[in-house]
Amino acid sequence: MLDLMIIMLERVGMIVAVAFILTRLGFFKNMIHYNKLNRKQEVTAILFFGFFGIIGTYFGVAFNTVTHQFNSVAIEIASDEAIANSRVIGVVVAGLLGGYRVGIGAGLIAGIHRMTLGGFTSIACGISTIVSGLVAGAFYQRGKDIKPITAFAIGAFAEAIQMSLILLLANPFEQALSLVQAIGIPMILANGIGTAIFLLIVYNVISNQEKDTALQAQKTLRIANQTLGYLRKGMNNDTALAVCTILQRELSPSAVAMTSQTEILAHVGQANDHHKANSPIQTQITNEVLKHGELVVANDRTIHCAEEECSLGAAVIAPLKQRGETIGTLKVYYPSEKAITDVSVELIAGLSSLLSDQLEIANAEKAYQLAKEAEIKALQAQISPHFLFNTMNIIVSLIRTNPDKARKLLTSLSYFLRQNLEGTTAIKVSLEQELQHVRAYLQIEEARFVDKLTISSEVDECILNEMIPPLTLQPIVENAIKHGIKDMEKDSIVNISIQDIGAEIEIRVNDNGFGIPPERLSILGSTQIDSTIGTGMGLYNVNRRLIMTFGEQAALKFQSEYNKGTCVSFRIPKMEENS
């Protein structure tokens, strides 16, 4: 009995080999991760585990019940022989991992094969093999791993069923009893241990694969997080050096380099004495990557370094692309080609795609910023003719009645337009400049509304150096005068307030005019309005520029009551808050 136990445990080596093979198969990974197989995968699983059961039969030993000697398993078994085997392991594992159908299917294949070998236990062993698949399927739990101790118990129980069926079905009974007494306990223990070891190995390998994948993903995300801030500035010597330093620290290769289409941008690690930044690309294989845009693995025969004693024996060279065009390369060096694994190649391929995407984002952000600035300039330019038209009407009306005043207004207009022109070349101006701009405008408007318009202001002098988009305040004041108080005969008031409220500056323009109808108030500033009395273009442009410059929180806010007046306000962050 002890000799048979040792022989059976020696066969466990075969179990280990099969377990490792199994972890590489696609259908098995679906069984582990998803517990769901399609028809083709289910058939594959049945065939695999059925074949595993057959192998377990042939790896057993033939036991002669008369001589009590062990022999190798032959194609046919003598009438007084039986097989001590590990067939049940494959069938039980099939049922535990795949359920009834896979367990019974594998049991049928292995069981029918056992019947064809003959021997006085062939029928009993064949039936018990099928029953083993059925029993294991009963313990199948979707989405749950089988613990090794449970696997041992199920494997041992399935083998115990086989011993029982041999006693019930095999003839003569005395021969069957002698067989079970000789091989029963060793086979029950060996198959229970084999089942537990099989699943333990499978789960351990799968777990390690998942850990390796998680570590690679974690490393990739860490690299992405570290490199993003640099590549947003584009690809140049400084950003390439920073990225290569990060990759050298994270990947620990011999060296890391980045090139443009013509020269080395940075090289970090070994051989930096002759692989220098700003020197021309030295190798033909790098030019091939630039030409074809495909990753290559270079060895000591294809690197062709100009330095004969160069310590860099191999490299993975991956393209860096923008808009589908190769603009440079990422080169990760190793001491020899043996040091480059498939995992390394996949990781570097992923990193080159990641870095290319970051360069695309940087390019897109730059384009967006240029478009944003262009739109701001366009919006600012739209305001000048709008104001000029109104101002020229005032001056024309004064030329005949008061030429001196018209001349002064032209001087004010000249100053205003000069400031307006300067505003179209600047993104922001100081609040003091903006106020001077408004005052030049008001000098013109006060000439129009003689003894009718009163302008007041409440300005915190400490914040006049804060910055604001040019031509922001004047259109709001203009709107108050043109629409708010235009029909008032007297006592019209416009108040300008600029106040420090902590982290922000609040700017308000109040008038005591007739107010804004509710149906217009809800859309004012958000769109242009079809109207005979005004389109709201000035306020729309101001609102657009505030939002584009400071965000949605800086949008214009409107409060208005009929016959009481209107307040237009907005808030902008202080410079230190917005920097």
Side-chain angles (χ1 to χ4, degrees), residues 212 215-217 219-224 226-227 230-231 234-322 324-360:
D212 289 341
L215 287 173
Q216 292 293 348
K219 182 180 291 185
T220 303
L221 290 173
R222 189 167 61 246
I223 290 172
Q226 293 179 69
T227 56
Y230 295 104
L231 290 181
M235 195 167 72
N236 53 51
N237 291 98
D238 292 335
T239 57
L241 178 61
V243 170
C244 288
T245 302
I246 292 168
L247 294 180
Q248 172 72 5
R249 181 174 64 247
E250 293 290 342
L251 304 180
S252 301
S254 298
V256 180
M258 286 180 69
T259 75
S260 66
Q261 291 178 315
T262 57
E263 63 183 16
I264 299 171
L265 295 175
H267 182 101
V268 176
Q270 296 178 18
N272 57 7
D273 57 332
H274 58 278
H275 290 268
K276 295 182 178 180
N278 299 319
S279 60
I281 292 174
Q282 301 177 11
T283 61
Q284 179 59 32
I285 197 164
T286 302
N287 288 322
E288 290 295 319
V289 173
L290 288 167
K291 180 179 178 181
H292 299 292
E294 296 180 357
L295 181 146
V296 299
V297 177
N299 54 33
D300 55 354
R301 299 183 302 277
T302 54
I303 284 184
H304 298 307
C305 181
E307 186 74 26
E308 291 186 5
E309 300 300 324
C310 182
S311 59
L312 304 175
V316 180
I317 307 173
L320 297 174
K321 298 183 178 182
Q322 266 189 3
E325 179 184 354
T326 303
I327 62 166
T329 64
L330 170 66
K331 305 173 73 172
V332 183
Y333 291 94
Y334 295 88
S336 69
E337 192 174 9
K338 291 180 180 179
I340 301 175
T341 65
D342 291 339
V343 174
S344 300
V345 174
E346 288 297 323
L347 178 60
I348 294 165
L351 287 174
S352 70
S353 296
L354 175 67
L355 297 179
S356 295
D357 289 342
Q358 290 182 354
L359 289 170
E360 287 278 12

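Worth knowing before you read on, the calculation uses all heavy atoms, side chains too, and leaves out hydrogens, waters and symmetry mates.
- Atom CG of Asp342 is surrounded by 12 or fewer heavy atoms from other residues, nucleotides or ligands within 6.0 Å.
- With hydrogens and angles disregarded, no donor-acceptor distance shorter than 3.5 Å links the side chain of Gln261 to the backbone of Leu290.
- No side-chain heavy atom of Ile223 sits under 4.5 Å from any side-chain heavy atom of Val243.
- At distances below 3.5 Å, at least one donor-acceptor pair connects side-chain atoms of Asn236 with backbone N or O atoms of Thr239.
- Applying the side chain to side chain donor-acceptor pair (under 3.5 Å) test to Ser260 and every residue at least two apart in sequence or in another chain returns nothing.
- Counting only heavy atoms from C-beta outward, the side chains of Leu330 and Val256 approach each other to under 4.5 Å.
- Side-chain contact between His292 and Glu288 is present, with at least one heavy-atom pair separated by less than 4.5 Å.
- In this structure, the side chain to side chain donor-acceptor pair (under 3.5 Å) partners of Asn278, at least two apart in sequence or on a different chain, are Asn237.
- Between Lys331 and Met258, every side-chain heavy-atom pair lies at or beyond the 4.5 Å cut-off.
- In this structure, the separation between CD1 on Ile281 and OG1 on Thr259 is 4.0 Å, given to the nearest 0.5 Å.
- Contacts of Arg249 classified as side chain to side chain contact (heavy atoms under 4.5 Å, CB included), with partners at least two apart in sequence or in another chain: Gln226, Thr245, Ile246.
- Side-chain atoms of Glu263 and Pro280, non-hydrogen and from C-beta on, never get closer than 4.5 Å to each other.
- Side-chain contact, Thr329 with Thr286: no donor N or O sits under 3.5 Å from an acceptor N or O.
- Applying the side chain to side chain contact (heavy atoms under 4.5 Å, CB included) rule to Val316 yields the partners Leu295, Val297, Tyr334, Ile340, Val345, Ile348; only residues at least two apart in sequence or on another chain are considered.
- In this view, Ser336 satisfies the side chain to side chain donor-acceptor pair (under 3.5 Å) rule with no residue, not counting sequence neighbours.
- Residues Leu241 and Val268 have side chains in contact (heavy-atom distance under 4.5 Å, counting atoms from C-beta outward).
- Every side chain to side chain contact (heavy atoms under 4.5 Å, CB included) that Ala255 has, sequence neighbours left out, goes to His267, Leu312, Tyr333.
- Considering only heavy atoms from C-beta on, Val289 stays 4.5 Å or farther from Glu294 through its side chain.
- Side chains of Ser344 and Thr341: a donor-acceptor N/O pair is present below 3.5 angstrom, by distance only.
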